[in-house]
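Report on the following structure.
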Amino acid sequence: MKTRLTGGCVVDPAQQLNGAVQDIWFENGRIIAPPSDASPNCDIDVSGNIVMAGAIDIHSHIAGGNVNTARLLLPEQHRNFMARNLNHAFSTARWSSTEIGYRYAQMGYTTVVEPAILPVNALDAHLQMADIPIIDTAGLAILGNDDFLLRLLRAKAGQNQINDYVAWTLHATKCLGLKVINAGGANAFKANVRSFDLDDIVPDYGVSSRHILQTLQRAACDIQLPHPVHVHCNNLGIPNNVDTAIATMEAAQGLPMHLAHIQFYGYGNEGSRGFSSAAAKLIDGFNKHRNITMDVGQVLFGQTVTISGDVIAQYSRRHDATPNKWVTWDAECQGSGGVVPYRYQEKSFVNSLQWLIGLEIFLLAEDPWRLFFTTDHPNGAPFTRYPQLIRLLMDAEFRLECIAQLHPEAVAMSLLKDLKKEFSLYEVAIMTRTAAAKMLGLTDRGHLKAGAIADIAVYRPQADKEAMFSHADLVFKNGDLVVKNGEVQTRRNGTTQTIQAYFEPQIERDVQAYYDRFYNLSLHNFTVEDVSFQQPDSERFVNHACGKPYESSQTNH
Amino acid sequence: MIQITEVPSPFCGIGTDDLCIQVDGVTLKVLENGCAVNTPMFEQAITDTSPRVAGQAVSLQVAVAHAASLLKDTQLPVIGGCSTDVNGMRGLLALADRIGAVVDNMNFTGARNNFLALQDSGWMNTTLAEVKNRCDVLLVVGTDLEAFAPRFFERYLWNTEAMFIADTQQRDIIYLGKAPSGDLSTSPNGTKARVLECATTDLPEVIAVLRALVKGRPIRATSVCGIAVADLQTIADTLKAAKYGVVTWAAGALAYRQAELTVQTLSEMIKDLNNTTRCSGLPLAGKEGDQTANQVCGWTTGYPARTRFSRGYPEYDPFLNDTNVLLADGEADALVWVQAFNTNSTPPATDLPTIVIGRSGMTFAKEPDVFIPVGTPGIDHAGHAYRMDNVVAIRLKKLRDSGLPSTADVLNAIEQAM
């Protein structure tokens, strides 16, 4: 069936369309070129509305061990009050997998990346993602604290063997990319180390965090992962950690690298409280290192829960837990996790400054092709707050109103009040669609060119951008109408995006021999397979091609 | 007749996956790596293959239709047991949502000791491979570990090689409360575990003193519940000197009122120990799908598996949603019992309409209104089960063709028939 959306103002940076009135055609789940001779089977009038590709979230914790632990730790934070509608089971169950799919779809998001999957926890994460309806998902596999890799590095294994191990790991865990979290830190924590910097050495292995990171970065490039190694740096949340961020940019040696939730590294140590904004210094480094991409991890005020594989950072902030309960776990000689609930408050100097720093980074960066829109859900704020963040970026007057509520000392130290920039819809579309898809290597989405998956969001223009982006007028997923007037219409299965990089088969035998020595698990018995009840793996998992790692200079801007 | 190797077990909770099983038609025999927990569970014979309504054999369609009719006009049906695999729980929760039922895992009253501690103050826990490769001191509290999981010691402590333990035979094993029932905790070098015995109900007092000693608080008494304080001081010193101590307990073994306070005291003691060294908790569970039930219910509803849907959305209550309480108080008006693993785990006695989705071989003191025999995950069909430490889910294998439907098949059919 051919469907035509007529009269919409199309914002698609992939085609340099900035509000041009243009019809969009799709058929069998894909965008098609307007046929010269055929008429549509279905016409939908969207005149006066904004038409964009479905949005893509590159970093949001939506599945896996930490996420489920957070649910079970905090039942009082997500009490329910609304009965569901018929045929929308669990849709009003807050913090549920169903709610994730529904709430993202309502905002016009159609693809979300879970950025922290420990290989041994991959089956759990995929079982959970299979129960997230409507949207597509993808996972990033975590390496860098696992004994197998550190053992290879201690033995000075060749880069080829590391490359095989990384490629095999992505294959075995059905992940799209590679994540590194405070390289070596979680392993060192198990040996009672409580802080871990870029040049610190992991006990028992004699390798530095820098060496682990650079080796994995090289592997990601060598095996042609389109998404650059996705890095959670050392020293998260610590005053003056801007130096760590800059040092990490330098450690990247000109090769592509993505730095996650960089707001948490935009910190100086100036002022009477020893805590200040270093956004300008950070952005100076960002401008000098064109190989670096970043996402912000904006803080928004309210109750949330922080979840992270950076157990050193999580343990160090245990005394800040609000409410006062927290969890850490050591996971199978591969990594760790920590769950610490937290409430960001406007009256807090530190929280106010964090909010200001995030927005400073957004507004100073001036390159939406390299800077991505996240709150590091749920660490800075739940993803359901995205519409408010979009408004903060697009509406300088609203920013000033919000600044007036903040801790005055923090405001005095920030240059945000003087930043007048307002993001355009075009820039929002670059950050949340075009560049996001390109950076992930997902060529089939993030744009509205013929051949793309028909993931389309239609918004009614409103002066209040928060209202506009809270509820899309229409959302199509693979051409199916899933949201109308901001309400989910039908539940459908999403898919999970994977990549198949080449590896020598020998690595699988090496890993099994290693597991036989140190684990009690047959690799076969925790392979990621048959994860969905309703959907065969052949439909569930969609493979994407390897290719040159993302660099924004490749792109057409 | 065939032999299947590397068979994973959903029964013991510790992720045993090296069984070798002979399959002869529908008869299973564990040839290698069996244990007192796993072997009888695998070898349990199939008896019923036909569903029954009021004791009379009927087709699956008739049984499903009758089950649906019994549930149709109920106000507060209870789905108890909840002992199945991931897909079984998915089907179970979908049915519960549809009929407004209470979902209650049969081990929850034990697990509640952990959940209440978790939800009040949290904990620092570890997982089995860390125990195997790092643990130098293991403190077992109130639990006969080898009866719980007979192969625990062989697989996670007396392993010949470990990443960070030069000589695993030197590991220090200490029992507090219950004494071990056998010698599996004895090191291969002959060293016996230290045992400080007390009555299970005395554990709150003993653990409170141990925590005080770890914190360096003065204790005037010289003995507590029959244990010399000096001996407890030795345990405290051992834990403080350990590089990677582990404290383990089975929540269900702490069978006294408000045992959550014991779990909390242990968990807070572990946090205290981490001020200077590493120490972690290791709650024992994972039996017959209990961890699976809580995990799947967790991501599906946000809550553990003692949750009701009677108001059109999930509501968690660790006390009010207890099957036995709801039956005793006359609040429930129908019972669905789901137990795909254990034929000895039958529904609680009740006069309410009762539907049993149970493992073939189950026998009843009182015939339920509907009995639908189902296959067992990991024997009759493939599936997924969570290990005790939650991080690892294991793919269960299909070992034989019994023709028995899965829990998920049956529960989905009932849901569709509603």
Side-chain angles (χ1 to χ4, degrees), chain A residues 63 65 67-69 71-76 78-84 89-90 92-98 118 120-121 123-124 127-128 131 147 189-192 204 315 318 321 324-334 339 517-522 524-527 529-531 533, chain B residues 6 8 15-18 86-87 90-91 93-94 97-98 115 118-130 132-134 155-156 161-164 243-244 274 277-278 280 294-296 298-304 311-316 382 384 386 390-395 397 408:
Chain A
V67 173
N68 229 29
T69 299
R71 293 180 174 116
L72 300 180
L73 175 71
L74 296 159
E76 75 284 359
H78 53 91
R79 287 206 199 292
N80 302 311
F81 45 83
M82 230 167 49
R84 65 171 181 79
F90 316 118
T92 59
R94 298 174 61 212
W95 293 25
S96 68
S97 298
T98 300
L118 267 185
V120 78
N121 189 233
L123 179 51
D124 176 33
L127 286 166
Q128 295 185 36
D131 282 358
D147 174 75
F189 184 73
K190 293 170 190 172
N192 206 27
D204 300 305
Y315 181 77
R318 65 197 182 280
N324 183 18
K325 51 179 170 179
W326 51 276
V327 168
T328 64
W329 46 290
D330 290 344
E332 296 293 280
C333 304
Q334 288 193 347
V339 181
R517 275 176 78 193
F518 294 114
Y519 287 75
N520 287 333
L521 278 173
S522 152
H524 175 266
N525 290 340
F526 75 113
T527 309
E529 273 180 30
D530 304 325
V531 296
F533 182 56
Chain B
E6 289 193 353
T16 305
D17 71 348
D18 61 350
V86 168
N87 280 345
R90 284 168 163 161
L93 289 161
D97 168 84
R98 174 76 59 140
F115 277 110
L118 169 72
Q119 291 164 355
D120 193 57
S121 49
W123 55 32
M124 298 179 75
N125 281 350
T126 193
T127 53
L128 288 166
E130 303 284 2
K132 181 171 182 168
N133 289 296
R134 288 191 185 267
R155 283 170 75 78
Y156 297 109
E161 195 176 13
M163 294 172 192
F164 303 100
K243 283 184 169 168
Y244 198 91
N274 276 282
T277 185
R278 287 309 318 276
S280 301
N294 287 317
Q295 283 288 100
V296 180
W299 79 67
T300 308
T301 71
Y303 303 122
R311 290 208 279 185
Y313 48 82
E315 292 176 287
Y316 164 64
H384 298 100
Y386 281 85
N390 275 343
V391 178
V392 177
I394 291 184
R395 283 177 72 226
K397 290 181 177 173

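Chain letters run A, B, ... following the sequence lines, proteins first, then strands; residues in each count from 1.
- The parts of A:Thr527 that come within reach of chain B are both its backbone and its side chain, each placing non-hydrogen atoms under 4.5 angstrom from that chain.
- Only the side chain of A:Arg318 comes within contact range of chain B, judged by heavy atoms closer than 4.5 Å.
- When each of B:Tyr156, B:Tyr303, B:Trp299 is checked for heavy-atom pairs under 4.5 Å with chain A, B:Trp299 comes out on top.
- Of the atoms belonging to A:Asp530, heavy atoms from both backbone and side chain fall under 4.5 Å from chain B.
- Salt bridge present: A:Glu76 and A:Lys325 bring a charged side-chain N and a carboxylate O closer than 4.0 Å.
- Contacts between B:Asn390 and chain A at a heavy-atom distance below 4.5 Å involve the backbone alone (N, CA, C, O).
- Annotation: maximal heavy-atom pairing with chain A below 4.5 Å, among B:Leu93, B:Val296, B:Val86, B:Asn294, occurs at B:Leu93.
- Here B:Asp17 pairs with B:Arg155 in a salt bridge; the nearest charged N to carboxylate O distance falls below 4.0 Å.
- In terms of non-hydrogen atom pairs under 4.5 Å with chain B, the most contact-rich of A:Phe518, A:Tyr519, A:Phe81, A:Phe189 is A:Phe518.
- Heavy-atom distances place the side chain of A:Asp147, and not its backbone, under 4.5 Å from chain B.
- Between chain A and the residues B:Tyr316, B:Tyr386, B:Tyr313, B:Phe115, the largest count of heavy-atom pairs under 4.5 Å involves B:Tyr313.
- You'll find the side chain of B:Asp18 stays beyond 4.5 Å of the side chain of A:Ser522, heavy atoms only.
- For chain B, no part of A:Leu118 is nearby; none of its heavy atoms comes within less than 4.5 Å.
- Chosen from A:Asn121, A:Val339, A:Asn80, the residue pairing most often with chain B at heavy-atom distances under 4.5 Å is A:Asn80.
- Side-chain contact between A:Val327 and B:Trp123 is present, with heavy atoms from C-beta onward closer than 4.5 Å.
- Contact annotation for B:Thr300: both backbone and side-chain heavy atoms come within less than 4.5 Å of a heavy atom of chain A.
- Of the residues considered (B:Lys132, B:Gln295, B:Arg311), B:Lys132 shows the highest number of contacts with chain A, using heavy-atom pairs under 4.5 Å.
- Interface residue A:Asp124: backbone and side-chain heavy atoms are both found under 4.5 Å from chain B.
- Contact of the B:Leu128 side chain with the A:Glu332 side chain is registered, since non-hydrogen atoms from C-beta on lie closer than 4.5 Å.
- Of all heavy-atom pairs spanning A:Cys333 and B:Asn133, the tightest one is SG-ND2, 3.8 Å.
- The existence of a salt bridge linking B:Arg134 and A:Asp330 is excluded, since no basic side-chain nitrogen approaches an acidic carboxylate oxygen closer than 4.0 Å.
- For a residue to count as touching a neighbouring chain, one of its non-hydrogen atoms must lie under 4.5 Å from one of that chain's; by this rule A:Arg94 touches chain B with the backbone only.
- Across every non-hydrogen atom of B:Ser280 and B:Tyr244, the tightest pair is OG-OH, 3.7 Å.
- For the pair B:Asp97 (side chain) and A:Ala89 (backbone), a donor-acceptor distance under 3.5 Å is absent.
- With no hydrogens or angles considered, no side-chain donor-acceptor pair links B:Asn274 and A:Tyr315 at under 3.5 Å.
- At a 4.5 Å heavy-atom cutoff, the contact between A:Val531 and chain B is made by backbone atoms alone.
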